[in-house]
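What follows is one structure encoded as structure tokens, with my remarks underneath.
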Amino acid sequence: MANDEGLRGILEAGAVAAAAKLLGCAIEHHARGGLRSGTIVETEAYTEDDPAAHSFVGRTARTDPMFRRAGTLYVYLSYGIHHCMNVVCAGEGRGEAVLIRAIEPLAGTDAMIEARGWRGKPAKDLANGPGKVCQALGVGLHHNGGDLLGGGAVRLVAGPSPPPDAIVVTPRIGITKAADWPRRFVWKRK
DNA sequence: TATTAGATTGTCT
DNA sequence: GACAATCTAATAT
């Protein structure tokens, strides 16, 4: 585990390395209604040489935060209805980020269920997808460009690292380019 | 339980 | 005008 300074260093090391080490860390959203947080259990790395990455096309108005310094929160809207959150990695102008694909509810589970209209279904499936993570945590486009390490409403908190043998690397899903790149990291528990 | 098809909005060419 | 880093629901096994 590491403190905020340690986290920043991990992020600056690059998206691939950061994706593996972010497993076990927690995302916190400090809102008026209460604290909502979850443990990161699935990530996906996007680098500047990745055809599937938004940054591959170049820096645009939408992907601008992705080119900022490590620790920046990058939120984008997908398919017009779902938003996904990323942790910007590397350094200024690099265009690397880690997509938070899934978390395990830690605190404020009731608020998540109510926000998502989840009706008595297993909490395990409450945020097991990129779009669900944002919706469950209440993270929206207005958080885009924020600093996860700067004490904002949305924070990244260090947590216990899962055992190396519990980390599974698999091909990516839901994209049309370079989908077979093994850059999806899943914390598999037994 | 696994697989297939449809929905829906912003951004880029 | 077309595409996109997805989710949900319904149908088949």
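Throughout, protein chains are lettered first and strands after them, A, B, ... in sequence-line order, and every chain is numbered starting at 1. Values below: every heavy atom of this structure, side chains too, minus hydrogens, waters and symmetry copies.
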Nearest whole Å is fine: how far is [N] [atom2] from [X] [atom1]?
X        : N     : atom1 : atom2 : answer
A/Tyr74  : C/dA5 : OH    : P     : 10 Å
A/Arg62  : C/dA5 : CZ    : C1'   : 10 Å
A/Tyr46  : C/dA4 : OH    : C1'   : 11 Å
A/Arg183 : C/dA5 : CZ    : C1'   : 14 Å
A/Trp181 : C/dA5 : CH2   : P     : 14 Å
A/Asp49  : C/dA5 : CG    : P     : 16 Å
A/Glu44  : C/dA5 : CD    : P     : 10 Å
A/Ile81  : C/dA9 : CD1   : P     : 12 Å

Self-check item: Side-chain donor-acceptor contact under 3.5 Å, A/Lys124 with A/Asn128
Solution: no
Self-check item: Watson-Crick or G-U stems involving DNA chain B, each at least 3 pairs long, distances under 3.5 Å, ordered by first number
Solution: B:1-7 with C:6-12, B:9-12 with C:1-4
Quiz item: How long is the gap from CG on A/Leu137 to CD on A/Glu28, to the nearest 0.5 Å?
Solution: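 CD of A/Glu28 is found 10.0 Å from CG of A/Leu137.
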Exercise. Go through A/Tyr74 and A/His54 one step at a time and tell me if the side-chain hydrogen bond (donor to acceptor under 3.5 Å, both in side chains) criterion holds.
Key: CA-CA 11 Å; A/Tyr74 169 48; A/His54 288 172; 3.1 Å; yes
Quiz item: Listed by chain and number, what are the side chain to side chain contact (heavy atoms under 4.5 Å, CB included) partners of A/Val57, not counting sequence neighbours?
Solution: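 Side chain to side chain contact (heavy atoms under 4.5 Å, CB included) list for A/Val57, sorted by chain: empty.
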Self-check item: Positions of residues 124-138 of chain A (non-hydrogen atom under 4.0 Å from DNA chain C), listed by number
Solution: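 Correct list: A/Gly129, A/Pro130, A/Gly131, A/Lys132.
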Quiz item: Can you tell which of A/Ile40, A/Thr43, A/Thr39 makes a side chain to side chain contact (heavy atoms under 4.5 Å, CB included) with A/Trp187?
Solution: A/Thr39
Quiz item: Side chain of A/Lys177: nearest nucleotide among C/dA5, C/dC7, C/dA4?
Solution: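 Out of C/dA5, C/dC7, C/dA4, the nucleotide with an atom closest to A/Lys177's side chain is C/dA4.
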Practice problem: For residues 166-183 of chain A, pull every pair meeting salt bridge (charged side-chain N to carboxylate O under 4.0 Å, His left out), keeping only residues two or more places apart or in separate chains. | Solution: A/Asp50-A/Arg172
Exercise. Would you mind listing every salt bridge (charged side-chain N to carboxylate O under 4.0 Å, His left out) that reaches into residues 96-115 of chain A, with sequence neighbours excluded?
Key: A/Glu42-A/Arg101, A/Glu44-A/Arg101, A/Arg94-A/Glu96, A/Glu104-A/Arg189
Self-check item: Short side-chain N/O contact from A/Arg116 to OP1 or OP2 of C/dT8, under 4.0 Å
Solution: yes
Quiz item: For A/Leu99, which contact category applies under a 4.0 Å heavy-atom criterion: base, sugar-phosphate, or nothing?
Solution: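 Counting heavy atoms under 4.0 Å across all strands, the contact made by A/Leu99 includes a base.
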Quiz item: With sugar-phosphate meaning primed atoms plus P, OP1 and OP2, does A/Met66 contact a base, only sugar-phosphate, or nothing at under 4.0 Å between heavy atoms?
Solution: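 Base, at least one base atom sits under 4.0 Å.
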Practice problem: Take A/Leu148 and A/Arg155 through the test side-chain contact (heavy atoms from CB on, under 4.5 Å) and record every step on the way to the result. | Solution: CA-CA 4 Å; A/Leu148 288 167; A/Arg155 293 187 189 184; 5.8 Å; no
Quiz item: With a 4.5 Å heavy-atom cut-off, do A/Trp181 and A/Pro171 have their side chains touching?
Solution: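 Side chain of A/Trp181 against side chain of A/Pro171, heavy atoms only: no contact under 4.5 Å found.
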Self-check item: Non-hydrogen side-chain atoms of A/Pro162 and A/Ile167 separated by less than 4.5 Å
Solution: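 They are in side-chain contact.
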Quiz prompt | A/Ile100 and A/Asn86: CA distance, side-chain angles, deciding distance, side-chain contact (heavy atoms from CB on, under 4.5 Å) verdict | solution = CA-CA 6 Å; A/Ile100 307 301; A/Asn86 304 252; over 6 Å; no
Exercise. Locate the shortest heavy-atom distance separating A/Phe67 from A/Ser55; write the atom from each residue and the value.
Key: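 Where A/Phe67 meets A/Ser55 most closely, the heavy atoms are CZ-CB, 3.4 Å.
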Exercise. Shoot me the first and last contacting nucleotide of DNA chain B against chain A, ordered 5' to 3', at under 4.0 angstrom to non-hydrogen atoms.
Key: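 Both ends considered, the range comes out as B/dT8 to B/dT13.
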